[in-house]
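The block underneath contains the structure these notes are about, expressed in structure tokens.
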Amino acid sequence: GGEFVMWLHGTPRQWEDKQRPFVAEETLAFEQRCRAVDVHVERRYYAAGQPPTLNQHFDALRCFCTGDTARDEEEGGDRHLGFFAAWTEACSG
């Protein structure tokens, strides 16, 4: 077996929103507690560098990477950003 890894997934909406700083604070506190007991922590940051939007929160579900490199390259990642807006438009039209 391999080392246990705790993956933290987030977007600017979750980790940079000035209206909700507690989300980033709680994430950091959780990460620090994990590291304090020698749990390996990795962060997956979707839409990095973009302004926070609510759509990013839902896009992250489509972009979600599992750590399985082959699957992530084929199915996950930021190339799916905009999925929620396109889906919403397709459903309303």
Side-chain angles (χ1 to χ4, degrees):
E3 176 185 60
F4 180 79
V5 179
M6 176 63 68
W7 284 88
L8 304 177
H9 297 258
T11 67
R13 163 73 177 165
Q14 294 157 309
W15 291 343
E16 294 180 15
D17 189 340
K18 290 177 181 21
Q19 300 297 316
R20 302 166 357 125
F22 62 91
V23 176
E25 292 164 3
E26 290 173 359
T27 301
L28 181 58
F30 178 73
E31 180 178 358
Q32 290 171 338
R33 286 187 176 109
C34 287
R35 291 183 189 280
V37 294
D38 295 323
V39 172
H40 182 90
V41 177
E42 294 281 344
R43 284 180 174 241
R44 181 77 67 176
Y45 193 32
Y46 306 102
Q50 297 185 19
T53 68
L54 184 56
N55 280 357
Q56 289 169 349
H57 180 75
F58 297 105
D59 280 346
L61 298 173
R62 179 61 185 100
C63 296
F64 197 83
C65 293
T66 63
D68 176 345
T69 305
R71 182 211 166 271
D72 290 347
E73 287 178 10
E74 186 176 321
E75 298 178 24
D78 277 5
R79 72 177 163 279
H80 297 296
L81 291 171
F83 171 81
F84 184 72
W87 178 78
T88 301
E89 186 176 318
C91 290
S92 65

Requested in this report: State yes or no: do Leu28 and Val37 share one hydrophobic cluster built from I, L, V, M, F, W and Y residues joined by side-chain heavy-atom distances below 4.5 Å, directly or via other members?
Outcome: no
Query raised in the report: Can you name the side-chain hydrogen bond (donor to acceptor under 3.5 Å, both in side chains) partners of Arg35, sequence neighbours left out?
Result: Glu31
Distance from [X] atom [atom1] to [Y] atom [atom2], nearest 0.5 Å?
X: Arg20; Y: Glu26; atom1: CZ; atom2: CD; value: 10.0 Å
X: Asn55; Y: Gln50; atom1: CG; atom2: CD; value: 11.0 Å
X: Leu54; Y: Arg13; atom1: CG; atom2: CZ; value: 5.0 Å
X: Phe22; Y: Thr27; atom1: CZ; atom2: OG1; value: 10.0 Å

Query - side-chain contact (heavy atoms from CB on, under 4.5 Å) assessment of Asp59 paired with Tyr46 - result: CA-CA 9 Å; Asp59 280 346; Tyr46 306 102; over 6 Å; no
Query raised in the report: Are any side-chain N or O atoms of Gln56 and backbone N or O atoms of Gln14, one a donor and one an acceptor, separated by less than 3.5 Å?
Result: no
Report task. Begin with the C-alpha distance, continue with both residues' side-chain angles, and end with the deciding distance and a verdict on side-chain contact (heavy atoms from CB on, under 4.5 Å) for Met6 and Phe30. Result -> CA-CA 10 Å; Met6 176 63 68; Phe30 178 73; 3.9 Å; yes
Requested in this report: List in chain and number order the residues that pass side-chain contact (heavy atoms from CB on, under 4.5 Å) with Tyr45, two or more places apart in sequence or in another chain; answer none if no residue qualifies.
Outcome: Pro12, Trp15, Glu16, Ala48
Query raised in the report: Do Leu8 and Val41 come within less than 4.5 Å of each other through their side chains, counting heavy atoms only?
Result: yes
